[in-house]
Peer 1: 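Dropping the structure in here first, questions after.
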Amino acid sequence: MTVRIGVIGAGVMGADHVNTLHRYVPSAEVVLVADTDTERARAAAATVPGARTADDARALIADSLTTLRAMDAIRRRCGIVFPGEAPGAGQPAGT
Ligand SMILES: NC(=O)c1ccc[n+]([C@@H]2O[C@H](COP(=O)([O-])OP(=O)(O)OC[C@H]3O[C@@H](n4cnc5c(N)ncnc54)[C@H](O)[C@@H]3O)[C@@H](O)[C@H]2O)c1
């Protein structure tokens, strides 16, 4: 499985994370680099074929939260519970 990743902040650490993920983590795909400094975002994204850039990370965060909520709903439907969580927690009544 490939995990699609958006990196927010393309300074020293962000650019290094982009490089590490792209070169050394086969299961990771950097798909977007967001930085308010568009030149930094562009420079970091240019090292990854196909990676997009953004100057505002809010859309990326909103998209990720939507995905996480959908995954959590599927988890609950499948009856997968986290340690300490009551079975069926969060499921709508009658499901
Ligand atoms: N550099 C290091 O060795 C190091 C080591 C450990 C931890 N850190 C921590 O990592 C963090 C980043 O450090 P850095 O050295 O990469 O800093 P940096 O200044 O090189 O990079 C930060 C980047 O974030 C961008 N940015 C700021 N606000 C943003 C926003 N709202 N949306 C998108 N992009 C935004 C800036 O434009 C900049 O390019 C800091 O909290 C730092 O303390 C740094």
Side-chain angles (χ1 to χ4, degrees):
M1 185 180 82
T2 301
V3 178
R4 301 169 74 238
I5 296 174
V7 175
I8 301 173
V12 173
M13 294 307 295
D16 191 54
H17 289 321
V18 169
N19 179 56
T20 300
L21 289 164
H22 177 57
R23 294 182 62 184
Y24 303 113
V25 185
S27 57
E29 180 187 6
V30 177
V31 294
L32 187 137
V33 180
D35 197 302
T36 47
D37 182 330
T38 52
E39 178 52 32
R40 280 189 161 181
R42 191 205 58 74
T47 64
V48 181
R52 294 176 291 119
T53 63
D55 61 2
D56 188 335
R58 282 177 291 191
L60 169 67
I61 294 168
D63 190 45
S64 299
L65 286 175
T66 302
T67 302
L68 285 173
R69 288 193 186 104
M71 290 170 65
D72 195 51
I74 293 168
R75 172 185 74 84
R76 291 172 190 279
R77 279 277 183 185
C78 293
I80 299 168
V81 294
F82 290 137
E85 185 180 52
Q91 282 188 351
T95 60

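Start at 1 and go down the list; that is how both ligands and their atoms are numbered.
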Peer 1: Look at atom 37 (O) of ligand 1 and say which protein heavy atom is nearest, naming residue and atom and giving the distance to 0.1 Å.
Peer 2: D35 OD1, 2.6 Å
Peer 1: Under 4.0 angstrom from atom 10 (O) of ligand 1, is there any protein heavy atom?
Peer 2: yes
Peer 1: Among protein heavy atoms, which lies nearest atom 3 (O) of ligand 1, and at what distance?
Peer 2: M13 SD, 3.8 Å
Peer 1: Is there a path of hydrophobic side-chain contacts, each under 4.5 Å between heavy atoms, that joins L21 and V3?
Peer 2: yes
Peer 1: Grouping I, L, V, M, F, W and Y whenever their side-chain heavy atoms are under 4.5 Å apart, do V18 and L60 come out in a common cluster?
Peer 2: no
Peer 1: Could you walk me through whether D72 and R75 pass salt bridge (Lys or Arg N to Asp or Glu O under 4.0 Å), step by step?
Peer 2: CA-CA 5 Å; D72 195 51; R75 172 185 74 84; 2.8 Å; yes
Peer 1: Within 4.0 Å of atom 41 (O) of ligand 1 (strictly less), any protein heavy atom?
Peer 2: no
Peer 1: Establish whether atom 35 (C) of ligand 1 and some protein heavy atom are separated by less than 4.0 angstrom.
Peer 2: yes
Peer 1: How close does the nearest protein non-hydrogen atom get to atom 21 (O) of ligand 1, and which residue and atom is it?
Peer 2: G11 CA, 3.2 Å
Peer 1: Measure the OG-CZ distance between S64 and R4 for me, rounded to the nearest 0.5 Å.
Peer 2: 9.5 Å
Peer 1: If the cut-off is 4.0 Å to any non-hydrogen atom of R40, which atoms of ligand 1 fall inside it?
Peer 2: 18 (P), 19 (O), 20 (O), 21 (O), 38 (C), 39 (O)
Peer 1: To the closest 0.5 Å, what do you measure between CG (L32) and OG1 (T53)?
Peer 2: 7.0 Å
Peer 1: Is there a path of hydrophobic side-chain contacts, each under 4.5 Å between heavy atoms of I, L, V, M, F, W or Y residues, that connects M71 with M1?
Peer 2: no
Peer 1: Atom CD in E85, atom CD1 in I80: separation rounded to 0.5 Å?
Peer 2: 10.5 Å
Peer 1: Return the residue, atom name and 0.1 Å-rounded distance of the protein heavy atom closest to atom 15 (O) of ligand 1.
Peer 2: V12 CB, 3.5 Å
Peer 1: Which residue and atom name correspond to the protein heavy atom nearest atom 26 (N) of ligand 1, and how close is it?
Peer 2: T36 OG1, 3.8 Å
